[in-house]
Number of protein chains: 2
Amino acid sequence: MHNLKSIVQRLEARKYRITPARLAVVTAVLERSGHFSVDDIVGRVPGVGRATVFRTMKLLSEMGMLCRVLLEDGSLSYRVSRHQGHHHHLVCVSCASVQELDACIASDMLGDLARSTGFQIEGHWLEFFGRCAACRNSVA
Amino acid sequence: MHNLKSIVQRLEARKYRITPARLAVVTAVLERSGHFSVDDIVGRVPGVGRATVFRTMKLLSEMGMLCRVLLEDGSLSYRVSRHQGHHHHLVCVSCASVQELDACIASDMLGDLARSTGFQIEGHWLEFFGRCAACRNSVA
DNA sequence: GCGCTAATTGAGACTTAGTATCAGTACTCT
DNA sequence: AGAGTACTGATACTAAGTCTCAATTAGCGC
Ligand SMILES: [Mn+2]
Ligand SMILES: [Mn+2]
Ligand SMILES: [Zn+2]
Ligand SMILES: [Zn+2]
């Protein structure tokens, strides 16, 4: 989906400079599968400062190239995003693979919820945890 | 819903000792409205160590007296729980009030989701953010 | 190619949330 | 009273993330 070239183009389109640090972070991120922490990436881009990795990953998140994945324990992890825009995840608790859901399956209930609670609903978090098909079979 | 007496009874029922530190934490927690952080409580129970406040709030969470509320930015906060067991929240981003939903409105979709993704779904997070009726009116 | 300047960087200090260690205190039980 | 266990608070530590600031540099105009 995303590759180095397309991400560089997007950065250029937004007038961000293409620096060695940014290239290193983008490359490291694209090489990951499943979800990962910022410090995972820090460990894979020697010479690039931790603050820069945080800054770059924040930038990529804001641009929709990375998304934050909420884990079962409430901690946040990151992954390369397939869908830009609002979406949700199914995270395998065994292999850390992540499946993105393309439709927001919470949007249906928003109207009812607003009506029954009086809240004006502006956002939500929705993430699922479980075992992916591969992991389910591998244990028998 | 919960008061000091009922919480003390529950602690006693589970063979936990009723100590001054625990009483102080429980009292401080019951005095809060909306959601709060552990360190909010630390600041309100002078003389009680931070580790003890963490331990006590964890204990209260495990017993269903407190629940963790996921905020918009992905951070966790706490609140006195009305419902024990699995449930979700609507958090007012303006006044921090929290409304608990008594039914899990995600459970309906679990079957479909398992079927369409091959995942065996074991858990989920679902939290809503918005403006409560009071806050909506107060700004005009 | 060269210079200018705003954008970017990395070191490091700092914050917030939470865990681990451990010696000392205080119950509980007999 | 003595033994054993639960609990406590100080303190050190980890992880995630922000802030500051002086030094560097990418990319633009010439
Ligand atoms: Mn995603
Ligand atoms: Mn709750
Ligand atoms: Zn959604
Ligand atoms: Zn639910």
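Residue numbers start from 1 in every chain, and the chains themselves are labelled A, B, ... in the order their sequence lines are given, proteins ahead of strands. Owing to the predicted nature of the structure, the values given are computational and were not obtained by experimental measurement.
When the P atom of D:dA15 is taken as reference, atom CD1 of A:Ile41 falls 16 Å away, rounded to whole Å. The interatomic distance linking B:Asp73 (CG) with D:dG17 (C1') rounds to 11 Å, in whole Å. Protein atom CG of B:Asp39 is 13 Å distant from nucleotide atom P of C:dT15, rounded to whole Å. As a whole-Å value, the separation of A:Leu66 CG from D:dA16 C1' is 16 Å. The interatomic distance linking B:Leu59 (CG) with C:dG18 (C1') rounds to 16 Å, in whole Å. Straight-line distance from the CG atom of A:Leu76 to the P atom of C:dT16: 18 Å, rounded to whole Å. Atom pair B:Leu23:CG and D:dC7:C1' shows a separation of 13 Å (rounding to whole Å applied). A straight line from CG of A:Leu60 to P of C:dT8 spans 13 Å, rounded to a whole angstrom.
In plain terms, the two heavy atoms of B:Leu126 and B:Ala106 that are nearest each other are CD2-CB, 3.9 Å. When all heavy atoms of B:Arg131 and B:Cys92 are compared, the closest pair comes out as CA-SG, 3.8 Å.
At least one side-chain nitrogen or oxygen of A:Thr52 sits closer than 4.0 Å to the OP1 or OP2 atom of C:dG10. One finds a side-chain N or O of B:Tyr78 lying less than 4.0 angstrom from the OP1 or OP2 phosphate oxygen of C:dG18. Taking only side-chain nitrogens and oxygens, A:Thr19 never comes nearer than 4.0 Å to OP1 or OP2 of C:dA7. OP1 or OP2 of D:dT18 has at least one side-chain nitrogen or oxygen of A:Lys58 nearer than 4.0 Å.
Ring to ring, B:His88 and A:His124 are not that close: their centroids are 6.0 angstrom or more apart.
Judged purely by distance below 3.5 Å, without hydrogens or angles, the side chains of A:Asp39 and A:Ser37 never pair a donor atom with an acceptor atom. Checked by atom type, the side-chain pair B:Thr52/B:Arg55 shows a donor-acceptor distance below 3.5 Å.
Looking at which nucleotide of DNA chain C each of B:Arg17 and A:Lys15 is closest to, the 5′-most match is held by A:Lys15. Each of B:Ala51 and B:Tyr16 was assigned the nucleotide of DNA chain D with the nearest heavy atom; the assignment lying further toward the 5' end belongs to B:Tyr16.
At a cut-off of 3.5 angstrom, the base of C:dG18 holds no donor-acceptor pair with the side chain of B:Arg55. For A:Arg50 against C:dG10, a side-chain-to-base donor-acceptor contact under 3.5 Å is absent.
Of the possible donor and acceptor atoms, one in the side chain of B:Ser61 sits under 3.5 Å from a partner among the backbone N and O of B:Met57. Using modelled atom types, one side-chain atom of B:Thr117 and one backbone atom of B:Leu113 make a donor-acceptor pair closer than 3.5 Å.
Proximity note for A:Phe54 (side chain, C-beta onward) versus C:dA6, D:dG17, C:dT9: the nearest is D:dG17.
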- Task: For the pair A:Arg79 and A:Glu100, evaluate salt bridge (charged side-chain N to carboxylate O under 4.0 Å, His left out) and give the outcome as yes or no after the intermediate values.
- Result: CA-CA 10 Å; A:Arg79 75 169 245 117; A:Glu100 289 187 335; 3.4 Å; yes

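Residue B:Pro20 is out of contact with every strand shown, counting any heavy-atom pair closer than 4.0 Å.
Each end of the helix from C:dG1-D:dC30 to C:dT30-D:dA1 gets its own axis from five base pairs, and the two axes differ in direction by 30°, given to 10 degrees.
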